Structures are given as C-alpha cells and as structure tokens.
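Just below is one structure, and these are the notes that go with it.
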Amino acid sequence: MRTVLLVFLFFTHIYAADEYQLGDGIQVGELPLYVGGYFSVDYQKTDTSTRYRIDDIALLIYGGINKFSYIAELEFKEFYLRTYTNTTSTITTNDKLYIERLYFDYNYDENILLRLGKYNSPIGFWNLLPVNVLRETTSNPVSTFVLFPKFTTGIYASYTRFDEEELQVDVIVQNNANLSNAYNNFDVTEHYGLGFSYTLDDYIFKMNAGHYKKNTQSYYNYALASMKYDTDKYQIMTEMGLQNRDQSNIRSYAGYIQGLYRFTPKHLGILRLESYDDKSTNTKDSFAVMGYTYRPVYPVALKAEYQAHSLTSQNQVLFSVSVLF
C-alpha cells in the first residue's frame, strides 16, 4: 500500500508541474530520463455476477541518448477486485509489482533496430498496444492470448525499407526463461518468430509465424495474418490465426474483424466480431462486441461495451476509465 501511495503522490506532483502535458511524462532534470504512468478502473456485469476492479496501476520509465533508448514498465495488476454474486461478496487484492516490459534499443540506422530484454511480441496489431488507454475497447480480442506468447524475453531485430511503400521484417529470438514469468499468458522458455509487414497508402498487411516451447516441454507453432485499413473517419482491422501442438492434430483457431467509425476525434463507435476454438480449454465461442469510446483528451479514455456471445453465460457489459500520465 505504501508503494501505491507513493505512485499516487508522484502522479499528483507531475500533474501540477509547470508546462506538463498529460500523457507526455516528466523529464528528470536534464537527464535522458522521463517518468510517467497510467491507470485503469473497470466495471463488469454478467448474468451471474458484478465486478468492480482497479486493474492497472503502472509506472513508465523511459529515455534515450544518441542511438540508444530504453523503457521500463512496472505494474500492479488487478490491484483491487470486488465481486458480487447472488449469494456472495468477495474482495481480493494483489500488491505484487510486476515487470511488464524492460528493454534496451539500439538504432543502428534509420533501417535497422536491435532490442534486448522483455517486450511485447511484435505479432499482429493489437498486441503492440499494451496500454489500456491506447486501445479502442476495454476487452482484448481472444486471439491475443490463446495463440502466441504476449511477451518475449530475448532479442528482437527489425529491418525497414522506406520507399513509396514500406516493408518491415521482424525477427524474434528467445532461448531462456521469461523475465517476470508470472506476467505472461504462457510460461515460455523458447520463442522464435518471423514477421513481415507491408504498408501502402492507407493499408497495412502483416504475416507472423513462430515456434515456442512451454515450460511443460510442449512445443507449439502459430501463424497469424493481419490487415488494417485506416482513414480519418474509418478503420477496419482484422487478425486471423491458428496454433498447433507439435506432432499432434490439436489445433486452436481464433480471429476477429473490427470496424471503427470516428464520429468526431473524441467520439468513436466500434463493432468487433470474434470467433475462436481453444483446444487447450475445450472452449468454442463466437460473439459480437459493440463499443463506444469517448476521449475528452487523447490520454484519457472512457469506454463502454456490450458483448453478445453464442455461449450466453458469457454475455456481459463493460465500462472502464483509463488515463495516461
């Protein structure tokens, strides 16, 4: 609790600082060191329960000099959780501070980037938006946590060619345990991946494929195809992928297509259609997510959504407020 209080006092201090702009963080003296953060709270209502949650309280430390840069993201996850059912009321807390991201970058030139540490796996589009306030809905597509590791601890390299169109090649290499293993969807000890991204005008096409090993000694392969069309008013984004376990016919599938309409720069309407078949949990579902996001300023997001599932027990309403400092 003392740590949370210190974080809160820090956020209050930077908000009151002269010339501070919300979302920009604050520079420490003249050092190549910036400190910021974010938080999110949410509300969930299903047919059988009601949940209030302080989900993310995070501290961001970042900076750079010349060709080198770094970022550290420390986070309290599900810090406070209160759940009501027809017969019970429970409160759980989690004051453990997790290392969500911690990596160093070296920009060899404008084309080549090298990274070392723990980072969001550069797979698809959605997985590269780790901060709640930057996403368009409170919930994440199922495909982002059932097919591939959300985080990788190891080496990342990218090559980008700039012309009338843009071509980027990504390489992921991990042959070690995860950093802060509790903060990942899979307990991974190996991860090798390759990605291609092609950008032309308002279109981006991506293809990712990889191979990873869980700590259970099981090996898995995955592939994900993604596309995004983005204009001032509209955005259409889709990700479709599969995962299979080595030397077996056990395959999981997941994908979504999402449409977004910007009524104004502050008001967004979202419709997402999802479907998945997760063999690891023997769960299969198709559902629609209808959402609305209001941003009074870009670093602040107020979101509402309704999910209608083929598994009716999963129908739910979600509200959230998130702020980036």
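This one's a predicted model, so the numbers in the text were calculated from it and none came from an experiment.
- Side-chain contact between T293 and T137: absent, with no pair of heavy atoms (C-beta onward) separated by less than 4.5 Å.
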Stepwise ring-ring contact (aromatic ring centres under 6.0 Å, His included) test for Y234 and Y261: CA-CA 5 Å; Y234 303 94; Y261 181 74; 5.3 Å; yes
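- A distance-only check finds a donor-acceptor pair linking the side chain of N94 to the backbone of K96 [under 3.5 Å].
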Salt bridge (charged side-chain N to carboxylate O under 4.0 Å, His left out), that's the test. Do R161 and D163 meet it? Break it down for me. CA-CA 7 Å; R161 186 195 70 188; D163 208 333; 5.3 Å; no
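- For the pair Q307/L318, a side-chain contact is recorded, criterion being any heavy-atom separation below 4.5 Å from C-beta on.
- F104 pairs by the ring pair (Phe, Tyr, Trp, His ring centres under 6.0 Å) definition with nothing, not counting sequence neighbours.
- L302 CG to Y292 OH: the interatomic distance, rounded to the nearest 0.5 Å, is 10.5 Å.
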Run the side-chain donor-acceptor check on residues 191-205: report pairs under 3.5 Å with partners two or more places apart or on a different chain.
from, atom 1, to, atom 2, distance (Å)
H191, ND1, T152, OG1, 2.9
H191, NE2, Y222, OH, 2.8

Between L74 and L60, is a side-chain contact (heavy atoms from CB on, under 4.5 Å) present by the stated rule, with each step listed? CA-CA 7 Å; L74 308 176; L60 291 167; over 6 Å; no
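- Within the 3.5 Å criterion, the main-chain N or O of Q168 finds no donor-acceptor partner in the side chain of T160.
- Contact detail for V188 and Q174: the closest heavy-atom pair is O-NE2, 3.4 Å.
- Taking 4.5 Å as the limit, every side-chain heavy atom of R245 sits out of range of all side-chain heavy atoms of Y219.
- Relative to the ring axis of F145, K150 does not place its NZ or CZ within 45° and under 6.0 Å from the centre.
- Using a distance-only test at 3.5 Å, with no hydrogens or angles considered, no donor-acceptor pair links the side chain of N107 to the main chain of D109.
- In this structure, K77 forms no cation-pi arrangement with Y98, as its terminal cationic atom is not both closer than 6.0 Å to the ring centre and no more than 45° off the ring axis.
- One finds the CG atom of D285 at 5.5 Å from the NE2 atom of H309 (value rounded to the nearest 0.5 Å).
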Worked check of side-chain contact (heavy atoms from CB on, under 4.5 Å) between T153 and N176: CA-CA 8 Å; T153 300; N176 47 262; 3.8 Å; yes
Does the side-chain contact (heavy atoms from CB on, under 4.5 Å) test come out yes or no for Y229 and Q235, once each step is laid out? CA-CA 6 Å; Y229 171 70; Q235 183 191 90; over 6 Å; no
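- Cluster membership for Y43 and Y80, using ILVMFWY side-chain heavy atoms within less than 4.5 angstrom, is not shared.
- For the atom pair CE (M237) and OG (S226), the distance works out to 9.0 Å, reported to the nearest 0.5 Å.
- Under a 3.5 Å cut-off, the side chain of D55 and the backbone N or O of V41 do not form any donor-acceptor pair.
- Screening N127, I172, N208 for a side chain to side chain contact (heavy atoms under 4.5 Å, CB included) with F148, the sole residue that qualifies is N127.
- Between the side chain of E274 and the main chain of I257, no donor-acceptor pair closer than 3.5 Å is present.
- Between F151 and P149 the shortest side-chain heavy-atom distance does not fall below 4.5 Å.
- Considering R295, R272, R262 in turn, R295 is the only one that fulfils the salt bridge (charged side-chain N to carboxylate O under 4.0 Å, His left out) rule with E136.
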Evaluate the criterion side-chain contact (heavy atoms from CB on, under 4.5 Å) for residue pair F76 and D56; output intermediate values, then yes/no. CA-CA 6 Å; F76 294 98; D56 299 326; over 6 Å; no
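- Under 3.5 Å, the side chains of S322 and S40 contain no donor-acceptor pair of N or O atoms.
- Note that CD of Q44 is 10.5 Å distant from OG1 of T138, once rounded to the nearest 0.5 Å.
- Pairing each heavy atom of A254 with each of V146, the nearest pair is CB-CG2, 3.9 Å.
- Taking the side chain as every heavy atom from C-beta outward, V133 and V323 never approach each other to under 4.5 Å.
- Y306 OH: more than 12 foreign heavy atoms inside a 6.0 Å radius.
- Formation of a donor-acceptor pair under 3.5 Å by the Q258 side chain with backbone atoms of T238 is not found in this model.
- The line from CG of L273 to OH of Y256 is 12.0 Å long, rounded to the nearest 0.5 Å.
- A donor-acceptor distance shorter than 3.5 angstrom exists from the side chain of S310 to the backbone of S286, with no hydrogens or angles considered.
- The closest side-chain donor-acceptor pair between Y212 and Q243 falls under 3.5 angstrom.
- Within 6.0 Å of atom OH in Y106, more than 12 heavy atoms from other residues, nucleotides or ligands are found, so the atom counts as buried in its surroundings.
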Quick one: do N221 and D246 satisfy side-chain hydrogen bond (donor to acceptor under 3.5 Å, both in side chains)? Show the steps, please. CA-CA 7 Å; N221 304 300; D246 271 1; 2.6 Å; yes
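- L22 and F39 fall within the same hydrophobic cluster, where Ile, Leu, Val, Met, Phe, Trp and Tyr residues are linked whenever their side-chain heavy atoms come under 4.5 Å apart, directly or through other members.
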Could you please spell out the steps behind the side-chain hydrogen bond (donor to acceptor under 3.5 Å, both in side chains) verdict for T283 and T281? CA-CA 5 Å; T283 307; T281 58; 3.1 Å; yes
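- The existence of a salt bridge linking E78 and R53 is confirmed by a sub-4.0 Å separation between a basic side-chain nitrogen and an acidic carboxylate oxygen.
- In this model, a donor atom of one side chain and an acceptor atom of the other lie less than 3.5 Å apart for E75 and Y183.
- The backbone N or O of I250 lies less than 3.5 Å from no partner atom in the side chain of K279, so there is not a single donor-acceptor pair.
- The shortest heavy-atom contact between G64 and P32 is O-CB, 3.3 Å.
- Listed by first then second residue, pairs satisfying ring pair (Phe, Tyr, Trp, His ring centres under 6.0 Å) with a partner in residues 154-174 read Y119-Y156, not counting sequence neighbours.
- Side-chain atoms of I99 and R101, non-hydrogen and from C-beta on, never get closer than 4.5 Å to each other.
- Side chains of Y62 and E73: no donor on one and acceptor on the other come within 3.5 Å.
- Side-chain atoms of E305 and S139 form a donor-acceptor pair, as typed in the model, at a separation below 3.5 Å.
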Check against salt bridge (charged side-chain N to carboxylate O under 4.0 Å, His left out), K284 and D278: CA-CA 6 Å; K284 185 177 182 179; D278 184 4; over 6 Å; no
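- D42 has no carboxylate O lying under 4.0 Å from a charged side-chain N of K303, or vice versa, which leaves the two without a salt bridge.
- Ring geometry, Y84 versus Y52: the interplanar angle exceeds 60°, so the pair is classed perpendicular (tilted spans 30 to 60°).
- Within the 4.5 Å cutoff, no side-chain heavy atoms of T46 are placed close to those of N315.
- Counting only heavy atoms from C-beta outward, the side chains of L33 and Y70 approach each other to under 4.5 Å.
- Here L268 contributes atom CG and K266 contributes atom NZ; the two are 12.0 Å apart, rounded to the nearest 0.5 Å.
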